[in-house]
Engineer: 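I am attaching a structure below and will ask some questions about it afterwards.
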Amino acid sequence: MSGRKLIQIDQSEWHRLQRRARQLQAVKRDVPRLIKDVRKQTRADVDRAFSRVQAQQRRQDEVIGRLSDQAREMEAETTRKLREQAERLHQDLRETAGRIERHTRERLDEQRRETERALAAERAERRAETARLTHEVDALKADRAHAEDTVRTWLADAGTMAELIDGTLPHDRYAPGRLDGVRRRVATARSTAGEGRYDAALAVAQEAFHELSDLRVEIEQRELERCLAQQEAVEALVQVQSLAEDNRHGPVVGPDGRPVPGYSLDVVHWSEGEFDQVLSDTATALARARDPHTGVTDLHALRDEEAPRLEQGLDEAVEKAGMRQLASQLRVNLADVVARTLHDIAYYDLVEEESGYADDDPRGTFYARLVNTASGNEIRVEIAQADKDSERSVIRVESSDHDVTSEAELRSRADAVYAALREQGVPMGVEPAPPVPVPVQVTELSAWQPVRSDAQPGRAGQEPSAP
């Protein structure tokens, strides 16, 4: 004979415990130490980025040294301002590493705008000086040799500036096609000079030189902007990485919603790959952020979209790990209550060597086998989650009786389990047994609160062991 009852647990207490557990299992953020750790890592990235800028500047100095005296003098102030801007940004990023905030970004943007205004004013003065020199050449048109030398000097300087941009700056990234366009005009001016039309050639050569100088400034400004965006993206992602490392282990929450002394939650294990996936995705994003070919738009997306997404994924992985461990302990506690109850009312004893988690994995189903030594009857208790990360647990109590057990006795047995769970503080509801005889089964648990006030992580009927 057999019978079945459905026992349900009210969800309100489970939600209460969940709220308390989530507070304890939230991602730990030791802000001072986090800033220190991120600063240490990101300063190396700052120095690495600006070492590339400095290498570009040294190569530019070699090329600028081949300009004519007049052109070199004209470029001197631009070069000085660009160097000062790069050095100031480098120093600012080193000082703010680990804590780049909105006001820091606004201050750096204002410094960039000040430099751009100063460079624009300086370039306007250069163009005015060039116009004055052009008038002098017009006055000496009769001196063809002088006019020819002047034109060829400007053409050579334009060619040198084009070489500087092509060999030291990422012009294809920031100004695709512009260098080729200027070079075509220089070639046209060279052809015009060959025809002896020096006045026309001079105007084109001078304008080409100034446009190339402007292009140089624009590209260097854009590259410094990229350095800032790169640093912000790297910093945001390194912060996620550091938070993950700090949260590999967390507190084990007991049935009273408090941390259990002496136990540590292995987040990597309990997250079932989700924590490792966050680390892997963060490493991939960091590689993109550190790639010197990643553009400003992509770097901003890494900072504003990818880093927050990864941090949210980390929060979820840590929280799920804690809740899965908590649900695992629930399965042990419930099995313990069922086993004790069946022992008290029907003299069933727990067979410890055949009880425990499936495959010794506490993330899975918990089984307990009980035997009545007098009759040889057995009861198998199975406790599992209804679905992965579900708030509902399912308890199945299956009887294998060698003698004849009445329907009333099986019903009484199920009622006793129900009453024991209620007595231990689990709010329950009960449904009538169906009329068709089936194996004893207690099922549909939606939530729980402490089953045993002294329960610790472990197995039913055993001393606790570290999770």
Side-chain angles (χ1 to χ4, degrees), residues 14 17-18 21 24-25 247-255 259-279 316-343 348-373 378-400 417 421 424 426 439 441-443 445 448 450-452 454-467:
W14 174 237
L17 183 59
Q18 277 186 320
L24 293 170
Q25 291 156 349
N247 285 272
R248 282 183 173 272
H249 295 88
V252 171
V253 179
V260 179
Y263 293 93
S264 176
L265 174 71
D266 185 344
V267 174
V268 177
H269 175 76
W270 286 95
S271 68
E272 301 182 39
E274 294 172 13
F275 183 90
D276 286 336
Q277 187 63 53
V278 170
L279 279 181
E316 292 173 355
V318 171
E319 180 182 298
K320 284 181 179 179
M323 300 312 296
R324 287 167 185 165
Q325 191 279 331
L326 188 62
S328 174
Q329 185 59 38
L330 163 64
R331 295 193 286 276
V332 179
N333 292 347
L334 292 176
D336 188 74
V337 172
V338 174
R340 289 171 183 268
T341 302
L342 293 173
H343 174 78
Y348 279 84
D349 295 318
L350 180 71
V351 182
E352 293 188 8
E353 60 271 18
E354 297 185 36
S355 301
Y357 293 103
D359 300 322
D360 290 325
D361 187 344
R363 296 171 295 185
T365 301
F366 189 89
Y367 296 96
R369 179 171 173 261
L370 299 98
V371 175
N372 184 308
T373 55
E378 297 183 5
I379 293 179
R380 183 175 175 83
V381 180
E382 174 187 326
I383 303 179
Q385 280 184 288
D387 297 293
K388 186 177 178 63
D389 294 324
S390 171
E391 296 176 354
R392 296 159 55 112
S393 292
V394 177
I395 302 178
R396 294 183 179 88
V397 181
E398 299 180 357
S399 297
S400 298
V417 171
L421 291 172
Q424 293 295 327
V426 183
Q441 180 175 282
V442 183
T443 187
L445 301 181
W448 75 292
V451 175
R452 292 168 51 205
D454 62 341
Q456 300 288 310
R459 293 170 46 152
Q462 291 188 344
E463 290 298 316
S465 58

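Quick caveat, the model's predicted, so the values are computed rather than measured.
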Engineer: With rounding to the nearest 0.5 Å, note down the distance linking CZ in R331 to CD in Q329.
Structural biologist: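 Between R331 CZ and Q329 CD, I get 10.0 Å after rounding to 0.5 Å.
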Engineer: How long is the straight-line distance from CD1 of I379 back to CG of L342, given to the nearest 0.5 Å?
Structural biologist: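 Interatomic distance, L342 CG to I379 CD1, rounded to 0.5 Å: 4.5 Å.
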Engineer: Determine the minimum heavy-atom distance between Y367 and A358, stating which atoms define it.
Structural biologist: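 Result for this residue pair: CE1-CB, 3.7 Å.
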Engineer: For the NE2 atom of H249 and the CG atom of D266, what is their distance to the nearest 0.5 Å?
Structural biologist: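 Here the interatomic distance stands at 4.5 Å.
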Engineer: Okay, side chain of D361, backbone of R363: is any donor-acceptor separation there less than 3.5 Å?
Structural biologist: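 It does hold such a pair.
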Engineer: Considering non-hydrogen atoms only, spot the tightest contact between S328 and P362 and give its length.
Structural biologist: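 Looking at all heavy atoms of both residues, the closest pair is OG-O, 2.6 Å.
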Engineer: To the nearest 0.5 Å, what is the distance between CD (E274) and CZ (R324)?
Structural biologist: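 These two atoms lie 4.5 Å from each other.
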Engineer: Report yes if the side chains of H343 and L350 come closer than 4.5 Å at any heavy-atom pair, otherwise no.
Structural biologist: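 A side-chain contact under 4.5 Å is absent here.
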Engineer: Once you round to the nearest 0.5 Å, how far does CG of L370 lie from CG of D349?
Structural biologist: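 Those atoms lie 8.0 Å apart.
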Engineer: Considering all heavy atoms of both residues, which atom of L265 and which atom of G322 are nearest to each other, and what is their separation?
Structural biologist: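 Nearest pair, atom of L265 first, then G322: CD2-CA, 3.5 Å.
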Engineer: Shortest non-hydrogen contact from A317 to S271?
Structural biologist: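 Smallest interatomic distance, heavy atoms only, reads O-CB, 3.9 Å.
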Engineer: Using a 3.5 Å distance criterion without hydrogens, assess whether the side chain of R369 forms a donor-acceptor pair with backbone atoms of E353.
Structural biologist: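 No, R369 side chain to E353 backbone: no donor-acceptor pair under 3.5 Å.
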Engineer: Which one of V338, T341, N372, V381 satisfies the side chain to side chain contact (heavy atoms under 4.5 Å, CB included) criterion with Y348?
Structural biologist: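 For Y348, the side chain to side chain contact (heavy atoms under 4.5 Å, CB included) check succeeds only for N372.
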Engineer: Answer yes or no: is there a side-chain heavy-atom contact under 4.5 Å between R248 and V267?
Structural biologist: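 No, their side chains stay 4.5 Å or more apart.
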Engineer: Restricting to non-hydrogen atoms, name the atom on N247 and the atom on V318 that form the minimum distance, rounded to 0.1 Å.
Structural biologist: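 N247 and V318 have their closest heavy atoms at CB-CG2, 4.1 Å.
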Engineer: Do K320 and E272 come within less than 4.5 Å of each other through their side chains, counting heavy atoms only?
Structural biologist: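 Not touching, per the 4.5 Å side-chain cut-off.
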